[in-house]
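Since the structure comes first, as structure tokens, the remarks are kept for the end.
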There are 2 protein chains.
Amino acid sequence: MNEQLQPLKKPVRAGKAGRSGTQDDIVYAHIFEAILEQRLAPGTKLSEEALGEIFGVSRTIIRRALSRLAHESVVLLRPNRGAVVASPTVEEARQVFFSRRMVERAITELAVEHATAEQLNELRQMVREERDSFSRGDRGAGIRLSGEFHLKLAEAAGNAPLISFQRSLVSQTSLIIAQYESGNRSHCSYDEHMQLIDAIEARDVNQAVSLMMHHMDHIDSKLNLDEDSASDDLHAVFSHLLQTKKRGGVAPLKG
Amino acid sequence: MNEQLQPLKKPVRAGKAGRSGTQDDIVYAHIFEAILEQRLAPGTKLSEEALGEIFGVSRTIIRRALSRLAHESVVLLRPNRGAVVASPTVEEARQVFFSRRMVERAITELAVEHATAEQLNELRQMVREERDSFSRGDRGAGIRLSGEFHLKLAEAAGNAPLISFQRSLVSQTSLIIAQYESGNRSHCSYDEHMQLIDAIEARDVNQAVSLMMHHMDHIDSKLNLDEDSASDDLHAVFSHLLQTKKRGGVAPLKG
DNA sequence: TTTGCATTCTTTGTATACAAACGCATAATC
DNA sequence: GATTATGCGTTTGTATACAAAGAATGCAAA
């Protein structure tokens with residue numbers, strides 16, 4: 001059961017990590033990454049014991065990781081009923097996008113003011129990797145790198161509370177894209193990212209903010225948030241009710 | 001040891017709470033409230049065992065509560081060295097206030113749009129309680145209610161991500177006030193809160209936002225963030241280094 | 001007297017055992 | 001035949017035991 005979790009790339013040096021305090025970070029990062037790359041679909045049940053076995057740690061560690069994820073609204077923690085990957089409703093999606101516009105605007109303005117040459121180089125490098133991922137068809141990595149770009153930009157802005165808020169928003173956005181993206185267009189265009197970096201480097205606030213706002217427009221224009229996006233995808237519609245059935249029959253989103 | 005924690009008002013029905021899932025919430029809320037009301041000063045060591053004994057629960061529960069608090073940057077979790085009440089630096093304080101201005105502006109705009117009559121009544125009730133607390137000299141309760149006002153306003157705005165961000169910002173603000181407030185003026189004037197509610201009820205966005213921004217100005221004009229606020233208070237200056245000593249001698253911020 | 005080191009003691013990190021809650025399946029009754 | 005009751009199995013919630021990392025203390029040497 002829980003086959004979805006096995007494709008995790010880095011196998012994790014199970015248990016033996018002598019240094020304390022890092023194990024839960026590792027588990028957290030792996031689950032987070034799996035969700036960000038959409039290897040874990042919304043609604044997927046996250047069993048503590050199964051995860052513990054996969055990562056070679058006790059339930060204590062898993063529980064901590066799930067707790068952190070729940071605090072970022074990436075995972076839903078139902079009392080006595082375990083954790084599932086969150087499945088945002090249309091309304092929740094709208095709220096996340098509203099917050100993101102606000103935050104991205106502020107981040108852009110701060111980045112224009114504070115971003116160093118080194119940070120801009122790192123950002124460019126990330127966009128190149130993002131472009132490469134899409135061009136070789138690795139959509140998962142592309143989505144992850146696209147999210148990390150926005151996170152890195154927040155770091156360049158240099159405001160700690162904003163960074164942590166952005167982390168939560170970016171991962172929720174990824175979930176929303178997984179659930180509501182309509183076509184199969186590459187959903188976070190790297191050329192927009194590149195233009196944005198140029199504007200920041202030129203210290204052109206108006207241009208940078210304008211580009212970022214259009215970028216936001218583009219992202220949510222690709223989503224089906226207009227109505228209930230009803231009956232389009234039964235799995236998405238009912239994912240908040242589903243749990244991974246143990247008998248092979250009904251297991252959702254396996255492929 | 002850890003005498004600071006004993007004044008907690010509600011004694012907590014220790015352990016016996018039949019319903020599961022609520023115990024960690026209770027502990028979390030109590031510690032959070034203690035910090036918000038400044039019964040727990042910045043830098044105070046939070047021993048897991050001591051807290052467990054006080055609340056009548058095991059370290060497991062305490063640890064979860066501390067984890068949540070750390071995620072909100074209210075508590076600092078140092079690996080292998082335990083938790084302390086966070087003591088924000090001047091730079092961190094500035095960042096928090098920057099974020100708060102941004103969030104409060106958005107919240108105000110949304111509240112003008114969405115706040116119901118019932119919510120406005122509740123807000124007014126809170127301001128009355130806040131005023132009463134200050135007028136009878138209960139500064140702690142006043143500070144707490146002042147924070148809860150801003151939280152309640154976020155709820156009236158109706159944006160979930162914003163609410164959770166605001167929760168984190170409000171509690172950090174309270175810490176900052178504890179550390180940097182200069183005089184002993186009542187620091188969050190309830191009449192400003194009341195005027196704000198009036199503007200929101202009148203659906204006057206410009207007026208409401210303007211009042212909120214002035215309110216923010218007033219709050220941080222009462223703080224000593226201008227320089228390092230140096231040599232004014234040694235305890236405050238070094239509180240980020242201090243831990244609660246066990247021998248009575250050096251225990252900081254006891255009175 | 002002060003500085004460096006080793007030992008001890010306290011506190012945190014992790015795993016695991018046990019208890020309680022929930023869901024499912026079977027069975028009994030209307 | 002449908003619906004509700006009941007028992008079982010699985011999964012989560014909590015406490016506790018054990019291991020490991022730091023901090024404190026005392027001793028020795030410069």
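In the text below, chain A, chain B and the rest are named by the order of the sequence lines, each starting its count at 1.
For the pair A:L51 CG and D:dT12 C1', the interatomic distance rounds to 13 Å; values are reported in whole Å. Straight-line distance from the CZ atom of A:R59 to the C1' atom of C:dA20: 12 Å, rounded to whole Å. In this entry the distance linking CD of B:E48 with C1' of D:dT16 reads 14 Å, nearest Å. Atom CD of A:Q23 is separated from atom P of D:dA19 by 16 Å (rounded to the nearest Å). What separates CD of A:E49 from C1' of D:dG13 is a distance of 14 Å, to the nearest Å. In this entry the distance linking CG of B:N80 with P of D:dA21 reads 7 Å, nearest Å. When rounded to the nearest whole Å, the span between CG of A:L46 and C1' of D:dT11 equals 14 Å. In this structure, A:I62 places its CD1 atom 14 Å from P of D:dG13, rounding to the nearest Å.
Between A:R59 and A:E49 no salt bridge is recorded (no basic side-chain N to carboxylate O distance below 4.0 Å). Residues A:R144 and A:D138 are not paired through a salt bridge, judged by the lack of any N-O separation under 4.0 Å between the basic side chain and the carboxylate.
Picking from C:dG13, C:dA21, C:dA15 the nucleotide with the shortest atom distance to the side chain of B:R63 gives C:dG13. Distances from the side chain of A:V57 to the nucleotides C:dA15, D:dG22, C:dC22 place C:dA15 closest. Checked against C:dT14, C:dT12, D:dT12, the side chain of A:I61 finds its nearest nucleotide in C:dT14. You'll find that the side chain of A:K45 is closest to D:dT11, out of D:dT11, D:dT14, C:dT14. The side chain of B:R81 lies closest to D:dG22 when the candidates are D:dG22, D:dG13, D:dT14.
Residues A:T60 and A:G82 each lie close to DNA chain D; by heavy-atom proximity, the contact nearer the 5' end of the strand is made by A:G82.
Ring pair A:H71/B:H71 is tilted by interplanar angle, where 30° to 60° counts as tilted.
A donor and an acceptor atom, one from each side chain of B:S133 and B:E129, are nowhere located under 3.5 Å apart.
The base of D:dG13 lies outside donor-acceptor range of the side chain of B:R64, with no N or O pair under 3.5 Å.
Within 6.0 Å of CD in B:E53 there are 12 or fewer heavy atoms belonging to other residues, nucleotides or ligands.
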